[in-house]
Amino acid sequence: MYKFDLLAAYGARGHVRLQIMDERREQSKTQQQEREEEEEEEEEEEEEKRKEPKPSSINRVITKDLTWRPEKYDPDHPLDPINEGFCGPCRHMLQGTGKEVPSPPPDVNNGAFFEHHLDCESLVESALEGCAICAILWNQYRRTRMALGAGLGEELPLRYDYGWYTGSEPQILAVKFYPVDRVDYGDEGRKMTRMWPVITLTLEPVVVVEEEEKDALAQTTPTKGASFTGSPEVMEQIAGWLESCACAPSPTSEFLPERLLDVNPGRLDQVRVVQGLTVPHTERYMALSHCWGPTPSISSQLVRSNEERFAAGIPLRDLPKSFIGAVYVARCLGVRYIWIDSLCIVQDSKEDWQRNAAHMWEVYTNSYVTLAATASWDSSEGLFRNRLAATTDRATVCVPEGHAQLKGGVYECYDGDEWKACVESAPLNRRAWVLQERLLSPRIVHFADTQVFFECLEMKASERIPGGIKARERRSSLRDDFHHDIQQKEGMYSLIPLWEDIVWKYTCLKLSHDSDKMVAVSAISRQLSESIPSSGRYIYGLWEYSFIGQLCWSASAEALRSSDDRAPSWSWCSMDGFIQPNFIDLPRHEAADRPKAKAIAKLLDVGSSDYTGSVVSEDCTDGFGRHLRISAPLLRLKLARQEKPPVISTKDDRSSIVNLMKKTNLDTETTGYTGENLVSYGLSADGLPTGRSGKQRLMIDVSAGLIAEQDGADFDEQEGEDNPKRNFSMDLGSVQKGIRTDQEYDWEKLQKLEPVFMPVLCEFDKDYYPEVEALRALILAKDGASGTYRRIGVATLDEYSLGHFLCTIGNQEEEDRLACLGEGAETSGDNPLPSTPLGLRSTGRIKVSDFVPRGWAQSELSFYPKDLATYEIAIV
């Protein structure tokens, strides 16, 4: 029998770790010597590098000087005769004469802060008067106000501080604005200061040659009042983008959708549905991307009963606002045809819908341009919006020499998060169906809430920056990666990382009908299959290439197993909710000199491909097309009895975090801690305070010197990541390790399922090779009396748990062998174990050295088995 020796395992790993560190020290010495030899060459090249184009991105970390204290200025301090197109508070900010105010949060040394506008009314008034900086601030400020709604508290004066981006050359400056309000908190009328999402105004240097040019740039003429995103000027700008862009579909393409909407049928007050076969192949067409909304009007849907009527003509007044807007844009740009899904696919015909769904990828890839109702939750809201006229003004400012925190010069101001707020996080791009429409369209015009934006395969632009938004002003998107990767000659090596990003993004988005899970991403899979032929078949959301490397996805705490049985249990498409893909490109990693991962399981056979998710292949009708046949070691799981965790009050956040601090703080002087001065601040994705919004919060008590990052999910026993009905422990002898199920189970019910642990692959530590980072496995259970299994969860083992696993499975194999011998079973021939407790056919053995790193520290230890029996198992 095998028995894990912890001391021997630690000793072996420590010996190898010391060797790794010694090698790194030698490498460091060599590298240092090489750097010294290259310093002279680098100095010579430095001047040339300064002449090269600016880097496409910068470190988004913003630094400020916490030790600097400003001079005191009188509120009526005179303004310099520059920047006259901006308001008083903005001009004081630019010349460094603002009024200093306490920092948010109070009593914390965060450096100097200054007062801007006293309330949102004065901010809006300034923006309407033409202050372009105030327009930038208000366009972000109002989004938070709208999100808070009735939860908005007593607004405090807007305040700001100065900083700069690290890693930027030339240095890019930043002014960060902190919207704050006060809300009721607790009993006895207590108030808490709440910080909203920080607004970052980026100041990027403008190259100026002549002093006259500098004066001209700084003397801006403000644009007052409001304007409209559907104006003739905007249409002219869109036409200019399309004319200068080289990303239009090939003129030799002869594809046309089955149906199109003719926007010029002879009458301006109507449109009509026409057959694509009747349209000349030289004609261009647009596509509309829009949210249907919860209750789309029947007047905006093509059904069998109105086909003839829609072919004769549809009055414009019967269409929703977004459709009317799309018709207006098409007419302005001289494009006669437009494709709108609800009007060009018969919605109550399954056959028609399936036929057109199979070609949806071609509809978007061949569209002249896709119009996106980006700001609209449904088609009744329309494409166009009223907005501040100053929104589209170039906020070019002049900072005088001698400013205490900003370097003198001419700068262009912009909101670095504008693209994300207006496009990436807009209502349309939160819908799952829209992901494929956006990824596949060569050119898109986004009708956002404050501006019209344009993106193609070469650039992104806005009305304010029509010549192209710099990459540093908007982060790289999945769309950028998608088009870049599929155009590479070795696209196969991009497939798995790209598909992982797509699945991650796609499962974050919302579907009105969960049954559309597979079809709503099918157009993307079609495009990838065409662009990367070596990807193999696309099978229920997974690619034949590196199929084993895509099995260990993990479902989030909120995800649920679908009720419509649309996909086999081994596919992420069988889940409703967010999925963490954890995909691994096994063929690429295994072929490397120092592989990052190796497969343990071996694919024997898998069922048919299904692109649309709605068409069932003939060999799928009996269920066998969904079977996944794998050869792998198998361990019968022994569940560890769960002990109920100590109860932490969830009635309010203060009591729960106080209890936690009492339990975890080692300082005996704080054992009587009450949390009297504990303050809660939210954290955004990049670590900035955001108030109490979201799950993550920063709990700070300056008086006690305590700080803790609290995730709301940690204190929610039913729904959080520690949900006891989805997290269990398995017994590996002297250690217990967690498993995570895809749905909720009672401990007793899970035990009755007799779960099986199937190792799938082994990942290696990239920093300390040849150590093991993780062994990933599936948890399986029998699927009734059919002899097949279903996936019910996943598990991950670390370096030391791997050792316990090897000992446990080795002992199980010995017990099985003895049990077979006791029953008088035959053990000769190619199949020494024809009968096992699992009743599965043996497929041979796999050496441990075949799936651990070459030179693994523990491979020579004697208490491990050297190889493992493998069995054929069918998963549905």
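One is the number of the first residue; the rest follow in order along the sequence.
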Discussion item. Please enumerate all residues that pass side-chain contact (heavy atoms from CB on, under 4.5 Å) together with Cys332, with sequence neighbours excluded.
Written reply: Met235, Tyr328
Discussion item. Using the side-chain contact (heavy atoms from CB on, under 4.5 Å) criterion, which residues pair with Pro315? Sequence neighbours excluded.
Written reply: Arg317, Asp318
Can you name the closest pair of heavy atoms from [X] and [Y] and give their distance?
{"X": "Pro466", "Y": "Arg394", "result": "CD-NH1, 4.4 Å"}
{"X": "Cys247", "Y": "Cys245", "result": "N-SG, 3.2 Å"}
{"X": "Ala326", "Y": "Leu383", "result": "N-CD1, 3.5 Å"}
{"X": "Ile133", "Y": "Ala395", "result": "CG1-CB, 4.4 Å"}
{"X": "Cys508", "Y": "Trp504", "result": "SG-O, 3.2 Å"}

Practice prompt. Kindly assign one of parallel, tilted or perpendicular to the pair Tyr160 and Tyr162, based on the angle between their ring planes and the thresholds 30° and 60°.
Written response: perpendicular
Working to the nearest 0.5 Å, report the span between [atom1] of [X] and [atom2] of [Y].
{"X": "Gln436", "Y": "Ile524", "atom1": "CD", "atom2": "CD1", "result": "5.5 Å"}
{"X": "Cys134", "Y": "His117", "atom1": "SG", "atom2": "NE2", "result": "3.5 Å"}
{"X": "Leu439", "Y": "Ile444", "atom1": "CG", "atom2": "CD1", "result": "8.0 Å"}
{"X": "Trp138", "Y": "Glu125", "atom1": "CH2", "atom2": "CD", "result": "12.5 Å"}
{"X": "Leu509", "Y": "Phe578", "atom1": "CG", "atom2": "CZ", "result": "10.5 Å"}

Item to complete: For the pair Trp196 and Tyr141, evaluate ring pair (Phe, Tyr, Trp, His ring centres under 6.0 Å) and give the outcome as yes or no after the intermediate values.
Response: CA-CA 9 Å; Trp196 301 359; Tyr141 196 118; 5.4 Å; yes
Any carboxylate oxygen within less than 4.0 angstrom of a Lys/Arg side-chain nitrogen, looking at [X] and [Y]?
{"X": "Asp262", "Y": "Arg272", "value": "yes"}
{"X": "Asp449", "Y": "Arg142", "value": "yes"}
{"X": "Arg387", "Y": "Glu463", "value": "yes"}
{"X": "Glu424", "Y": "Arg430", "value": "no"}

Discussion item. Taking CD in Glu236 as the centre, count heavy atoms belonging to other residues, nucleotides or ligands within less than 6.0 Å. Is the count above 12?
Written reply: no
Fill in: Sequence-distant partners of Phe255, ring-ring contact (aromatic ring centres under 6.0 Å, His included), two or more places apart
none
Should [X] and [Y] count as side-chain neighbours, where that means a heavy-atom distance under 4.5 Å?
{"X": "Arg443", "Y": "Met286", "result": "no"}
{"X": "Trp419", "Y": "Glu455", "result": "yes"}
{"X": "Leu528", "Y": "Ser525", "result": "no"}

Worksheet item: With ring centroids as reference points, do Tyr285 and Trp339 lie under 6.0 angstrom apart?
Response: no
Fill in: Aromatic contact, Phe177 with His116 (centres under 6.0 Å)
yes
Discussion item. Quick one, Glu418 with Arg464, criterion salt bridge (charged side-chain N to carboxylate O under 4.0 Å, His left out). Give me CA distance, side-chain angles, the key distance, then yes/no.
Written reply: CA-CA 11 Å; Glu418 183 178 66; Arg464 187 172 56 83; 3.2 Å; yes
Item to complete: Check the pair Gln140, Asp417 against side-chain contact (heavy atoms from CB on, under 4.5 Å), reporting the backbone distance first and the verdict last.
Response: CA-CA 9 Å; Gln140 281 284 43; Asp417 290 322; 3.8 Å; yes
